[in-house]
Protein chains: 2
Amino acid sequence: MKSTARRLAVAKPPAQPAALSAGAPLRLESDYVLEQHIGHLLRRSHQRHVANFEKGLGVLDLTPTQFAALAKIGERGEVSQNLLGRQTAMDPATIQGVIQRLMARNLIERRSDPSDRRATLLRLTPAGLALAKNAIVKVEEVSQTTLAPLDARERAALALLLQKLSGLA
Amino acid sequence: MKSTARRLAVAKPPAQPAALSAGAPLRLESDYVLEQHIGHLLRRSHQRHVANFEKGLGVLDLTPTQFAALAKIGERGEVSQNLLGRQTAMDPATIQGVIQRLMARNLIERRSDPSDRRATLLRLTPAGLALAKNAIVKVEEVSQTTLAPLDARERAALALLLQKLSGLA
DNA sequence: CGAGAAACGTACGCATACAAACAAAGCCCC
DNA sequence: GGGGCTTTGTTTGTATGCGTACGTTTCTCG
């Protein structure tokens, strides 16, 4: 078994206590290029899409995760909270907050599962259903905006590659 | 000029006040498939990479953004905070928190720009430089882990597509 | 020169995102 | 039948990530 669980990588400060390093700044001699790394590219691309999303949804005022939850609930009819989390790739702590905010807006409602007293079942309210329908149209437009730099062949290729990368294929 | 700045999309609850909808759950009749949408794929892929990152960095205990800031500072020698933010795709509010945490760990230090009293210049401490060097090695390994599902040709294609998508190409 | 615009860093609020710890309920399997 | 493991949902704490507003400083341009 592993000995220590986790150790903070705190480095003790250098010898001279107070003064800032006086001379030329320290440089990292390396051919590392942030902009070419997969992590940075994924982050930037996702960041741009989220920006498009929030702009495109406008008065509907849904975040990507809120929309995903709403759409998934509508697709399944009724789901438990943790199952919904797994199907939208959110951990229990995250989905919990999302659910709370959707409930506060009367978009979903919950009842306890009669066959499992631990679980709560989620379903759309009429308002949630109506909002989801409107949102789907907008979300399609958002996807077009995000994908605008790519042609049809590139879009298909990208989707396939990302499915492989995320373990969905 | 626009009339109202922003309106909350709150829907008034349906006629019956208290009771949950009794019958069958409302369903969203739609062929919308979350798993095929670019936003979800980007989110999942990024999510998987971040998980690899945090696992792979181990005791170095750097988040992707903290590493990006550290690497960029080391590359430039000395940068102002906002410029660093632009080069790592973080807005001023976000980079501010990252800088605070790196400073609290003695990895970077700041001085006010003598030629612009608004700006603060950031540079690596010796500890920060050492940590960054170690981190770069680990980060390369993380990238390999993330990209493991793809062969060389697919990796190159993905990088190109994401560069286009994020506006870096 | 001097007023308006722009840029710098900071602060607050909200929404993901996840680790860790927890109580309650259900399941497994001897 | 019952002890242990798992699952469900919650809470707390930390870290992005961005909108917005703010005070200070610098720049621009008439």
Side-chain angles (χ1 to χ4, degrees), chain A residues 5-6 8 39-40 42-55 57-58 61-70 79-105 110-122, chain B residues 5-6 8 39-40 42-55 57-58 61-69 79-86 88-105 110-122:
Chain A
R6 191 173 183 177
L8 268 298
H40 191 70
L42 286 170
R43 179 171 167 276
R44 292 284 280 253
S45 300
H46 182 237
Q47 186 181 50
R48 175 167 164 270
H49 175 76
V50 172
N52 290 339
F53 193 102
E54 316 233 298
K55 200 149 304 184
L57 270 281
D61 197 33
L62 287 176
T63 64
T65 48
Q66 287 170 2
F67 168 75
L70 220 50
V79 235
S80 78
Q81 193 169 302
N82 275 13
L83 179 57
L84 178 63
R86 286 191 293 275
Q87 300 208 331
T88 54
M90 293 182 242
D91 76 27
T94 300
I95 197 74
Q96 213 259 343
V98 174
I99 292 307
Q100 270 187 7
R101 284 180 282 275
L102 292 177
M103 274 203 303
R105 286 171 61 183
R110 45 189 294 178
R111 64 189 184 102
S112 67
D113 188 333
S115 70
D116 184 343
R117 285 196 300 172
R118 296 168 304 176
T120 48
L121 297 176
L122 305 170
Chain B
R6 191 173 183 177
L8 267 298
H40 191 70
L42 286 170
R43 179 171 167 276
R44 291 285 279 255
S45 300
H46 181 237
Q47 185 180 50
R48 176 167 164 269
H49 175 75
V50 172
N52 290 340
F53 193 102
E54 316 233 298
K55 199 149 304 184
L57 270 280
D61 196 33
L62 287 176
T63 64
T65 47
Q66 288 170 2
F67 169 74
V79 235
S80 80
Q81 195 169 300
N82 276 12
L83 179 57
L84 177 63
R86 286 192 294 275
T88 53
M90 293 182 242
D91 76 26
T94 301
I95 196 75
Q96 213 259 344
V98 175
I99 291 307
Q100 270 187 8
R101 285 179 281 275
L102 292 177
M103 273 202 305
R105 287 171 61 184
R110 44 189 294 177
R111 63 189 185 104
S112 67
D113 187 333
S115 70
D116 184 344
R117 284 195 300 172
R118 297 169 302 177
T120 48
L121 297 177
L122 306 170

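Order of the sequence lines sets the chain letters (A, B, ...), proteins ahead of strands, with each chain counted from 1.
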Participant: How many whole angstroms separate atom CD of B:Gln81 from atom C1' of C:dT10?
Facilitator: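 Nearest whole value for this atom pair: 9 Å.
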Participant: Distance check, rounded to the nearest 0.5 Å: A:Leu121 atom CG versus A:Arg110 atom CZ?
Facilitator: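 Rounded to the nearest 0.5 Å, the CG-CZ separation comes to 10.0 Å.
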Participant: Can you tell me which nucleotide in D:dG17, C:dT10, C:dC18 comes closest to the side chain of B:Met90?
Facilitator: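 When the side chain of B:Met90 is considered, D:dG17 is the closest of D:dG17, C:dT10, C:dC18.
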Participant: Could you say whether B:Lys55 or A:Gly97 is positioned toward the 5' end of DNA chain C, judged by the nucleotide with the nearest heavy atom to each?
Facilitator: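 Closest to the 5' end, via its nearest nucleotide, is A:Gly97.
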Participant: Could you tell me the separation between the CG atom of B:Leu42 and the NE2 atom of A:His46, rounded to the nearest 0.5 Å?
Facilitator: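 Here the interatomic distance stands at 6.5 Å.
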Participant: Rounded off to whole Å, could you give me the CG-to-P distance for the B:Asn82 and C:dA7 pair?
Facilitator: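 In whole Å, C:dA7 P and B:Asn82 CG are 10 Å from each other.
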Participant: If we ignore hydrogens and angles and just use 3.5 Å, is the side chain of B:Thr94 paired with the main-chain N or O of B:Met90 as donor and acceptor?
Facilitator: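 No; judged by distance alone, with no hydrogens or angles, the pair does not exist.
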Participant: Strictly below 4.0 Å: does B:Gln47 bring a side-chain N or O up to OP1 or OP2 of C:dT16?
Facilitator: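 For C:dT16, neither OP1 nor OP2 has a side-chain N or O of B:Gln47 closer than 4.0 Å.
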Participant: Can you tell which of D:dA15, C:dT16, D:dG17 lies closest to the side chain of B:Thr65?
Facilitator: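 Looking only at side-chain atoms, B:Thr65 lies closest to D:dG17.
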Participant: Under 3.5 Å, side chain of B:Arg117 to main-chain N/O of B:Ser112, donor-acceptor pair present?
Facilitator: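 Not at all, since once roles are kept as given, no pair shorter than 3.5 Å links the two residues.
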Participant: Between atom CG in B:Asp61 and atom P in D:dG13, what is the gap in whole Å?
Facilitator: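 After rounding, the reported distance stands at 19 Å.
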Participant: Can you tell me if the side-chain N/O atoms of A:Thr94 get under 4.0 Å from OP1 or OP2 in C:dT16?
Facilitator: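 The answer is no; no side-chain N or O of A:Thr94 sits under 4.0 Å from OP1 or OP2.
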Participant: Among the nucleotides C:dG9, C:dA25, C:dT16, which one has an atom lying closest to any side-chain atom of A:Asp116?
Facilitator: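 Of C:dG9, C:dA25, C:dT16, C:dA25 is nearest to the side chain of A:Asp116.
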Participant: Tell me the interatomic distance from B:Ile95, atom CD1, to C:dA7, atom P, rounded to whole angstroms.
Facilitator: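 In whole Å, C:dA7 P and B:Ile95 CD1 are 18 Å from each other.
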Participant: By the 4.0 Å heavy-atom rule, please label B:Gln66 as base, sugar-phosphate, or nothing.
Facilitator: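 The residue B:Gln66 makes sugar-phosphate contact but no base contact.
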Participant: Check every strand shown and say whether A:Val98 touches a base, only sugar-phosphate, or nothing at a heavy-atom separation below 4.0 Å.
Facilitator: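 Sugar-phosphate, backbone atoms only, no base.
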Participant: Round to the nearest Å and state the distance from A:Asp91 atom CG to C:dT16 atom P.
Facilitator: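 Whole-Å distance recorded here is 13 Å.
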Participant: With the side chain of B:Arg43 defined as its heavy atoms from C-beta on, choose the nearest nucleotide among C:dC18, D:dT25, C:dA17.
Facilitator: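 Taking heavy atoms from C-beta onward, the closest nucleotide is C:dA17.
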Participant: Does a donor on one side chain and an acceptor on the other come within less than 3.5 Å for B:Asn82 and B:Ser80?
Facilitator: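 Distance-only check fails for B:Asn82 and B:Ser80.
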Participant: With a 4.0 Å cutoff (strictly under), does any side-chain N or O of B:Gln96 reach OP1 or OP2 of C:dT10?
Facilitator: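 Yes, B:Gln96 has a side-chain N/O under 4.0 Å of OP1/OP2 on C:dT10.
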Participant: Let's see if you can work this out: which of D:dT26, C:dG26, C:dA17 has an atom nearest to the side-chain heavy atoms of B:Arg117?
Facilitator: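 Among the listed nucleotides, the one closest to the side chain of B:Arg117 is D:dT26.
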Participant: With nearest nucleotides of DNA chain C determined for B:Ala51 and A:Ser115 from heavy-atom distances, which residue corresponds to the more 5′ nucleotide?
Facilitator: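 Final value for this comparison: B:Ala51.
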Participant: Rounded to the nearest Å, what distance is computed from the CZ atom of residue B:Phe53 to the C1' atom of nucleotide C:dC18?
Facilitator: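 These atoms are roughly 16 Å apart.
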Participant: Nearest whole angstrom, please: distance from the C1' of D:dC22 to the CZ of B:Arg118.
Facilitator: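 Value for this atom pair: 15 Å.
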Participant: So which nucleotide from D:dT25, C:dG26, D:dG19 ends up closest to the side chain of B:Ala93?
Facilitator: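 Shortest atom-to-atom distance from the side chain points to D:dG19.
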Participant: Measure from CG on B:Leu57 to P on C:dA19 and round the result to the nearest Å.
Facilitator: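 Atom-to-atom, B:Leu57 to C:dA19, this comes out as 15 Å.
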Participant: Using only atom types and a distance under 3.5 Å, with no angle test, would you say the side chain of A:Gln96 pairs donor to acceptor with the backbone of A:Ala93?
Facilitator: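 No, A:Gln96 side chain to A:Ala93 backbone: no donor-acceptor pair under 3.5 Å.
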Participant: Does A:Thr63 put a side-chain nitrogen or oxygen below 4.0 Å from OP1 or OP2 of C:dA15?
Facilitator: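 No, outside the criterion.
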